[in-house]
Number of protein chains: 2
Amino acid sequence: MIDAERKFREYLSEKGLRFTSERLAILLHVMSLHEHFAVDDLHHQLRQKGLSISHATVFRTLALLIDCGIVQKLPCEKMPARYEHIFGHVHHDHMFCLRCGRIIEFHNAPIERWQQKVAEEHRFQMTGHHLIIRGYCEKCH
Amino acid sequence: MIDAERKFREYLSEKGLRFTSERLAILLHVMSLHEHFAVDDLHHQLRQKGLSISHATVFRTLALLIDCGIVQKLPCEKMPARYEHIFGHVHHDHMFCLRCGRIIEFHNAPIERWQQKVAEEHRFQMTGHHLIIRGYCEKCH
DNA sequence: GTTGCAATTGAAAACGAATATCAATAGTAT
DNA sequence: ATACTATTGATATTCGTTTTCAATTGCAAC
Ligand SMILES: [Mn+2]
Ligand SMILES: [Mn+2]
Ligand SMILES: [Zn+2]
Ligand SMILES: [Zn+2]
C-alpha cells in the first residue's frame, strides 16, 4: 500500500466515509500521473484501463482528494480546471504559456517569504496562495 | 472627455470597431466604480440608471475593455468572475478572505522583481501575472 | 444631409463545466 | 449474515457565459 492510500483511508475513516474500489482506482491513477490533467483526461484514461467509473464520481472523488490534501486544483483562466497530485511533492507555482499551453513549474523562496511578510503586515492569516505567471515559453517567443 | 474614453475611442478606431452609446455608458460606469464587481452588479446598476443595456452587451463590452487594458478580470475560485478598472492605477495583487469575502489589495515591489527574475531564469517572456493570497482577514481570524 | 454597408444590438437559444437527484448497489460495523 | 447508510451511475439541472440572427445604428463616402 502506498503512503497516499494510507492517508486517504485515514481521511475517509475519520469522516465516516467509505473506501470504495472507485476511489482507490482514481487515487492510484492520479498518483501515477506526473502532468497536470483535466477531469475529462482522467475519465478517459480510466475508461481505457477498462474501468467504467462515471463522470460524477470522478468529480466527487477529486473533491475528496483535494480536501484530503493529496490533490491540488489549478486556477485556470479558461475552463476546464486542471488538477495535479501534490502528495509527496514540495510546493511550487506555475507559468502558463499563452501560445502552446505548456505549464512550467517553479519554486522561489524569496517570493514565498515576502508573501508571508505582506500577509502579516495586513494582519491577514494566510492559508494558501496561487501565483500564475502568464506569457510565452522559450519555444514560443 | 476623460482619458479612459480617449483611450477606448482610439482602441476601437484602430480595430475598425464603433464607439456606441452602450459602450460609452458601460465605460463611464466602470470608471466610476471603485470596487471589484461582478457582471450582474454592473448590469443591475446600469438598469437602475435607466439604461437598458443587455446582458450580452455588458459581457461583450467588458471583453473589449480588458483587451484595451482599461479593465482587469480577477481569477476568482468561485464564479462569477470579478472585474475592476485598472486604467490610471498602479499594479496591485489581492488577498481574498475565505469567510467574509473581503478583497484586500496590496503591492510588493520585491515580489514583482523576483517574478521577473524567475521568468528570466526559465527564458520565459512574462506578459502578466496573478497572485492571490487566500486566508482570513483581520476581522475573521 | 443622404446613402450604403458592415458593425452592433437585444432577445432568445445554445453551450458546457460542474452539481444535484434518486433508485439501485455496495462498504462497514455488529 | 444482517442492517444500515454511504456511494454509485444515469440522467436531469444549474448557471455563468457565448452564440445566433434579424433589426438597428455608427460612420464614412458621396
Ligand atoms: Mn504543478
Ligand atoms: Mn483590485
Ligand atoms: Zn509555449
Ligand atoms: Zn474576512
Side-chain angles (χ1 to χ4, degrees), chain A residues 1 5-6 8-27 29 36-44 46-47 49-68 71-83 101, chain B residues 1 5-6 8-27 29-30 36-47 49-68 71-83 101:
Chain A
M1 189 194 300
E5 182 177 337
R6 204 180 328 276
F8 197 29
R9 289 188 110 107
E10 272 176 32
Y11 166 84
L12 292 170
S13 174
E14 281 170 13
K15 295 254 176 178
L17 306 176
R18 292 170 183 172
F19 191 82
T20 66
S21 62
E22 291 85 356
R23 286 174 180 171
L24 174 60
I26 292 169
L27 170 68
H29 192 83
H36 305 86
F37 58 90
V39 172
D40 270 1
D41 300 334
L42 177 54
H43 188 230
H44 288 142
L46 289 167
R47 303 217 125 218
K49 285 168 83 174
L51 299 163
S52 63
I53 297 175
S54 74
H55 217 169
T57 295
V58 175
F59 271 103
R60 289 188 281 233
T61 304
L62 281 173
L64 293 173
L65 289 170
I66 290 168
D67 192 46
C68 175
V71 166
Q72 176 179 31
K73 186 177 183 175
L74 302 188
C76 288
E77 301 273 322
K78 293 296 173 189
M79 294 294 182
R82 300 293 151 123
Y83 301 79
Chain B
M1 189 194 298
E5 183 179 336
R6 204 180 327 275
F8 197 30
R9 290 188 109 106
E10 272 175 33
Y11 166 84
L12 292 171
S13 174
E14 281 169 14
K15 295 254 177 180
L17 305 176
R18 291 171 183 172
F19 191 83
T20 66
S21 62
E22 290 85 356
R23 285 174 181 171
L24 172 60
I26 292 169
L27 170 69
H29 192 83
V30 163
H36 305 86
F37 59 90
V39 171
D40 269 2
D41 300 334
L42 177 54
H43 188 230
H44 288 141
Q45 288 166 20
L46 289 167
R47 304 218 124 222
K49 285 168 82 174
L51 298 163
S52 62
I53 296 176
S54 74
H55 218 173
T57 295
V58 176
F59 271 103
R60 289 189 279 232
T61 303
L62 281 173
L64 292 174
L65 289 170
I66 289 167
D67 191 46
C68 174
V71 166
Q72 176 180 30
K73 186 177 184 175
L74 302 187
C76 289
E77 301 274 321
K78 293 297 175 189
M79 293 294 182
R82 298 293 151 122
Y83 300 80

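Proteins get letters first, then strands, A, B, ... in listed order; numbering begins at 1 in each.
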Interface with DNA chain D, restricted to residues 49-63 of chain A and to heavy atoms under 4.0 Å: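 Of all residues in residues 49-63 of chain A, the ones placing a heavy atom under 4.0 Å from DNA chain D are S52(A), I53(A), S54(A), T57(A), R60(A).
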What parts of residues 19-26 of chain A reach DNA chain D, counting only heavy atoms under 4.0 Å away?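 Within this stretch, T20(A), E22(A), R23(A) sit under 4.0 Å of the strand.
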Mind calculating the distance between [atom1] ([X]) and [atom2] ([N]) to the nearest angstrom?
{"X": "H43(B)", "N": "dC15(D)", "atom1": "NE2", "atom2": "P", "result": "18 Å"}
{"X": "E77(B)", "N": "dG16(D)", "atom1": "CD", "atom2": "P", "result": "17 Å"}
{"X": "L12(A)", "N": "dA26(C)", "atom1": "CG", "atom2": "P", "result": "19 Å"}
{"X": "K78(A)", "N": "dG16(D)", "atom1": "NZ", "atom2": "P", "result": "17 Å"}
{"X": "D40(A)", "N": "dA18(C)", "atom1": "CG", "atom2": "P", "result": "9 Å"}

Once side chain to side chain donor-acceptor pair (under 3.5 Å) is applied, do any residues pair with [X], and if so which ones, sequence neighbours excluded?
{"X": "S54(B)", "value": "T57(B)"}
{"X": "R60(B)", "value": "none"}
{"X": "E77(A)", "value": "none"}
{"X": "D40(A)", "value": "H55(A)"}

Can you sort out the partners of [X] under salt bridge (charged side-chain N to carboxylate O under 4.0 Å, His left out), two or more places apart, ordered by chain and number?
{"X": "E10(B)", "value": "none"}
{"X": "R9(A)", "value": "E5(A)"}
{"X": "K73(A)", "value": "none"}

Five-pair end axes of the helix from dG1(C)-dC30(D) to dT30(C)-dA1(D), angle between them (10°):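 If I round to tens, the end axes sit 50° apart.
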Go through the structure and list residues passing ring pair (Phe, Tyr, Trp, His ring centres under 6.0 Å) with H29(B), not counting sequence neighbours.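 H29(B) satisfies ring pair (Phe, Tyr, Trp, His ring centres under 6.0 Å) with no residue once adjacent residues are dropped.
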Which residues pass the side chain to side chain contact (heavy atoms under 4.5 Å, CB included) test with R18(B), not counting sequence neighbours?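 Side chain to side chain contact (heavy atoms under 4.5 Å, CB included) check on R18(B) returns T20(B).
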Looking at every heavy atom in both A25(B) and L46(B), which two are closest together, and how far apart are they?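 So the two residues come closest at O-CD2, 4.2 Å.
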Which nucleotide, dT8(C), dG27(C), dA18(C), lies nearest any side-chain atom of R18(A)?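 In terms of side-chain proximity for R18(A), the closest of dT8(C), dG27(C), dA18(C) is dG27(C).
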Selection from dC5(C), dT5(D), dA18(C) that lies nearest to any side-chain heavy atom of P80(A):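 Between dC5(C), dT5(D), dA18(C), the one nearest the side chain of P80(A) would be dA18(C).
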Check whether any side-chain heavy atom of L42(A) lies under 4.5 Å from a side-chain heavy atom of L62(A), and answer yes or no.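 Yes; the side chains approach each other to less than 4.5 Å.
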